[in-house]
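What follows is a short report on a single structure.
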Amino acid sequence: MARPRTFDTDTVLSTVTDLFWARGYDAVSIQDLAKATGVRPGSLHAAFGNKRDLFERAFDRYGERFRTHMQVDLPGLRGASQYLDRLVTSAIDDPARKGCLIINTAGELEVHSVEIKAGIRDRLDTMKAFFRDRLEEDGVSSEEATNALFGAAVSILTLARAGQPKEVLQDIAAAAIGHVNAQAGNLPSQHA
């Protein structure tokens, strides 16, 4: 008869997600995961599978957070600005400066499964579509403008992890919004 679990799977997944997010897939061992969670390697394996399975669960869990950040209150370019501001605030408020698990994972693409690679592409496409949709709410259909906002978001997430100050991240957001606003003819662009 199998022994009952003595740990909360949600708490363990949260800890695992944070560890992969901070250090990356390749730099984390099963022993690291066991130490961080307080759960023996065999119990981790029995509950979640191998390290790759655990990472896939963590990556899916992070996807929920990723989608929540895109829920904005404002339409159009103001909504895009609100999202960029939210990325800056979230990055600065994180004392570990982990950045974004999706962007971090893309940086070590060669070690990941086909499913994770597809997940990265899907989430990046989702982010790009978010900006495209916000622009279309203002009647703007421009791949250049979409790419400027998307590039700003990726830059903010990457540079936040590299420890750049808040002002640099805010300047990136403001420059992208300003560029799009100028290109599109003075949309309502005040910051959220």
Side-chain angles (χ1 to χ4, degrees), residues 9-10 12-30 32-33 36-37 44-45 47-72 79-136 142-164 168-169 172-173 176 180:
T9 57
D10 193 53
V12 168
L13 277 174
S14 180
T15 301
V16 165
T17 301
D18 283 344
L19 190 58
F20 280 129
W21 187 3
R23 293 177 47 193
Y25 176 81
D26 220 21
V28 174
S29 69
I30 288 293
D32 295 330
L33 294 167
T37 62
L44 281 174
H45 183 73
F48 303 104
N50 62 24
K51 177 181 155 181
R52 185 170 307 281
D53 296 331
L54 259 170
F55 182 81
E56 288 176 4
R57 297 271 301 265
F59 192 78
D60 288 343
R61 180 185 183 87
Y62 183 85
E64 296 167 21
R65 173 189 168 93
F66 172 76
R67 286 184 288 281
T68 299
H69 267 72
M70 284 189 211
Q71 297 171 359
V72 295
S81 180
Q82 182 182 26
Y83 175 58
L84 291 175
D85 288 344
R86 188 176 290 159
L87 291 180
V88 170
T89 300
S90 178
I92 296 302
D93 287 349
D94 176 11
R97 289 293 198 99
K98 295 184 299 285
C100 170
L101 181 61
I102 297 159
I103 303 300
N104 301 350
T105 302
E108 56 178 14
L109 201 59
E110 68 281 352
V111 301
H112 289 291
S113 66
V114 170
E115 293 80 14
I116 291 296
K117 290 175 184 176
I120 292 167
R121 282 190 302 277
D122 177 64
R123 290 186 180 125
L124 292 176
D125 288 347
T126 298
M127 183 188 290
K128 195 170 180 181
F130 166 84
F131 290 118
R132 185 178 298 113
D133 293 347
R134 297 300 70 76
L135 290 171
E136 288 176 359
S142 167
E143 199 63 20
E144 179 188 338
T146 298
N147 289 338
L149 295 171
F150 174 67
V154 171
S155 295
I156 288 166
L157 295 167
T158 303
L159 293 173
R161 182 169 173 89
Q164 289 296 304
V168 169
L169 307 180
I172 292 167
V180 171

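Counting begins at 1 with the first residue of the sequence. FYI, side chains are in, hydrogens and waters are out, and symmetry mates aren't considered; it's all heavy atoms of this structure.
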Can you tell me how far the [atom1] atom of [X] sits from the [atom2] atom of [Y], to the nearest 0.5 Å?
X	Y	atom1	atom2	value
Ile116	Arg52	CD1	CZ	8.5 Å
Thr89	Gln82	OG1	CD	10.5 Å
Phe130	Tyr83	CZ	OH	7.0 Å
Thr37	Leu54	OG1	CG	8.5 Å
Met70	Phe131	CE	CZ	7.5 Å
Glu110	Glu108	CD	CD	7.5 Å

Verdict with reasoning, Arg65 to Ser90, per side chain to side chain donor-acceptor pair (under 3.5 Å): CA-CA 11 Å; Arg65 173 189 168 93; Ser90 178; 3.1 Å; yes
Note: Asp125-Arg132 ion pair, threshold 4.0 Å (strictly below): no
Salt bridge present between Asp60 and Arg67 (N-O < 4.0 angstrom): no
Step-by-step side chain to side chain contact (heavy atoms under 4.5 Å, CB included) determination, Glu143 to Lys128: CA-CA 10 Å; Glu143 199 63 20; Lys128 195 170 180 181; 3.3 Å; yes
Looking only at heavy atoms, which two atoms of [X] and [Y] are closest? And how far apart?
X	Y	result
Ala148	Val180	CB-CG2, 4.2 Å
Arg57	Ala47	NH1-O, 4.3 Å
Leu87	Ala153	CD1-CB, 3.7 Å
Leu101	Ala58	CD2-O, 4.2 Å
Glu56	Ser113	OE2-OG, 3.1 Å
Ala173	Leu84	CB-CB, 3.9 Å

Can a donor-acceptor pair be found, under 3.5 Å and without considering hydrogens, that links the side chain of [X] to the backbone of [Y]?
X	Y	answer
Arg23	Val28	no
Arg97	Gln164	yes
Asn104	Gly99	no
Arg86	Gln71	yes

Verdict with reasoning, Arg61 to Asp10, per side chain to side chain contact (heavy atoms under 4.5 Å, CB included): CA-CA 10 Å; Arg61 180 185 183 87; Asp10 193 53; 2.8 Å; yes
Check: Val88 and Ile172 side chains under 4.5 Å, non-hydrogen atoms: no
Would you mind writing out the side-chain donor-acceptor pairs for residues 13-20 within the sub-3.5 Å range, not counting sequence neighbours?
residue	atom	partner	partner atom	Å
Thr15	OG1	Thr11	O	3.1
Thr17	OG1	Leu13	O	2.7

Leu124 and Ile103: CA distance, side-chain angles, deciding distance, side chain to side chain contact (heavy atoms under 4.5 Å, CB included) verdict: CA-CA 9 Å; Leu124 292 176; Ile103 303 300; 3.7 Å; yes
CA sep, side-chain torsions, deciding dist, call: Met127, Ile102, side chain to side chain contact (heavy atoms under 4.5 Å, CB included): CA-CA 11 Å; Met127 183 188 290; Ile102 297 159; over 6 Å; no
